[in-house]
Amino acid sequence: NAYFRKLYDIIDMDDRHCHVALVLIDEAPQFAVAFGTEFVDRLIMAVHARMKDMIGDDVFVARLGEFRLAVIDENCSIDETSLLSVFEKPILIDGNSITLSATIGVVREGVENHESVAVDRAVRTTLLRAAQKTPGKAMLYTPDLQDNIARSVQLRSGLHDALRNGEITFHFQPQIE
């Protein structure tokens, strides 16, 4: 898709740095259920247009998946505050004023392996952690985020296996007053 091609061209082909963000429109899944995917498509297009107006035409913005937008800034000038400001005012769709929030993961630096796949993984990790810990806000990538996610996946898997294998038992101790 366009996002991966752009990221690959900048990082892998031209060996340049860029800021990358993934923007998850928090209310989009509920709107899809309530009003249909066509409504959400128009909503995301309106957010896309506002984003281009507010942060500039020289910043790459593309839809990435059902409810996300990808942002690539080759000039490394955009910050998470400007991305969040896109959602400060309601968006008008079919005469309705729609208030939205977004959860944003941002990678500016700190990715150990400077390749497009590593930067993509870092920004996805950051968005995932932001959605879990601070929905409706932006989070900057730090290298420890990937370690934390890997540890939580291993812990969850280990607990699931232990439960399935009967390795966890529960003991009840009555409390007497």
Side-chain angles (χ1 to χ4, degrees), residues 1-4 6-7 10 17-111 116 118-153 156:
N1 67 34
Y3 159 73
F4 289 113
K6 183 75 167 175
L7 198 59
I10 294 168
H17 290 279
C18 61
H19 289 179
V20 181
L22 291 183
V23 179
L24 173 66
I25 300 171
D26 297 326
E27 298 81 6
Q30 291 86 354
F31 284 135
V33 170
F35 306 113
T37 55
E38 183 182 299
F39 178 82
V40 172
D41 288 342
R42 291 196 320 266
L43 186 68
I44 290 176
M45 293 308 298
V47 169
H48 181 278
R50 180 181 287 176
M51 197 174 277
K52 291 296 278 183
D53 286 344
M54 291 181 72
I55 63 177
D57 285 333
D58 57 335
V59 175
F60 176 86
V61 179
R63 188 169 183 175
L64 183 65
E66 203 170 17
F67 309 124
R68 289 177 297 172
L69 292 167
V71 179
I72 301 175
D73 178 16
E74 296 181 62
N75 299 321
C76 299
S77 60
I78 197 162
D79 63 13
E80 58 279 1
T81 306
S82 58
L83 291 172
L84 284 170
S85 69
V86 170
F87 299 91
E88 288 176 351
K89 294 181 182 176
I91 291 185
L92 195 64
I93 303 282
D94 299 335
N96 297 305
S97 182
I98 309 294
T99 301
L100 298 172
S101 63
T103 302
I104 302 172
V106 180
V107 172
R108 287 194 209 153
E109 58 191 358
V111 178
S116 59
V119 172
D120 176 62
R121 181 175 177 219
V123 75
R124 287 174 186 272
T125 298
T126 308
L127 179 62
L128 174 63
R129 185 55 77 194
Q132 292 170 341
K133 298 279 187 182
T134 58
K137 300 194 183 307
M139 181 179 282
L140 288 175
Y141 171 79
T142 57
D144 65 305
L145 287 176
Q146 286 179 302
D147 294 336
N148 291 341
I149 296 244
R151 276 194 303 276
S152 67
V153 167
R156 183 178 179 162

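Numbering starts at 1 and runs along the sequence shown. Only heavy atoms go into these numbers, but all of them, side chains included; no hydrogens, no water, no symmetry mates.
- Taken from CD1 in I44 to CD1 in I93, the straight-line distance is 10.0 Å, to the nearest 0.5 Å.
- Atoms CD and OG1, from E66 and T37 in turn, are 7.5 Å apart once rounded to the nearest 0.5 Å.
- Atom CE in M139 sits 9.5 Å away from atom CG in L128 (nearest 0.5 Å).
- For H48 (side chain) and V61 (main-chain N/O), a donor-acceptor pair under 3.5 Å exists by modelled atom type.
- Side-chain atoms of R50 come within 3.5 Å of backbone atoms of K89 as a donor-acceptor pair (strictly under, hydrogens ignored).
- Here the side chains of V23 and V86 are not in contact, with every heavy-atom distance at 4.5 Å or above.
- A distance of 9.5 Å separates CD1 of I72 from OG of S116, quoted to the nearest 0.5 Å.
- Between R108 and E80 there is a salt bridge, since at least one side-chain N of the basic residue sits less than 4.0 Å from a carboxylate O of the acidic one.
- A heavy-atom distance below 4.5 Å is found between the side chains of L7 and C18.
- To the nearest 0.5 Å, atoms CD1 (I104) and CG (D26) are separated by 9.0 Å.
- Nearest heavy atoms, V40 versus A28: CG2-O, 3.7 Å.
- R124 has its side chain within reach of L64: a pair of non-hydrogen atoms, C-beta onward, lies under 4.5 Å apart.
- Between I25 and F31 there is no side-chain heavy-atom pair separated by less than 4.5 Å.
- A distance-only check finds no donor-acceptor pair linking the side chain of S97 to the backbone of L92 [under 3.5 Å].
- You'll find the side chain of V20 stays beyond 4.5 Å of the side chain of Y141, heavy atoms only.
- In terms of heavy-atom proximity, V123 sits nearest to G105 at CG2-O, 3.4 Å.
- For the pair V59/M51, no side-chain contact is recorded, criterion being any heavy-atom separation below 4.5 Å from C-beta on.
- Residues K133 and P135 approach most closely at C-CD, 3.6 Å, considering heavy atoms.
- Scanning all heavy atoms of the two residues, the minimum distance from L84 to G136 falls at CD2-O, 4.1 Å.
- By the 4.5 Å heavy-atom criterion applied to side chains, T126 and V106 are not counted as neighbours.
- In this structure, N1 contributes its side chain and Y3 its backbone to a donor-acceptor pair below 3.5 Å.
- Between the D79 side chain and the S82 main chain, a donor and an acceptor come within less than 3.5 Å of each other.
- With a 4.5 Å cut-off on side-chain heavy atoms, L127 and R68 count as touching.
- Around CD of Q30, the count of heavy atoms belonging to other residues, nucleotides or ligands within 6.0 Å exceeds 12.
- Judged by distance alone, the side chain of H19 and the main-chain N or O of D73 form no donor-acceptor pair under 3.5 Å.
- Rounding to the nearest 0.5 Å gives a distance of 13.5 Å between CD1 of I98 and CZ of F87.
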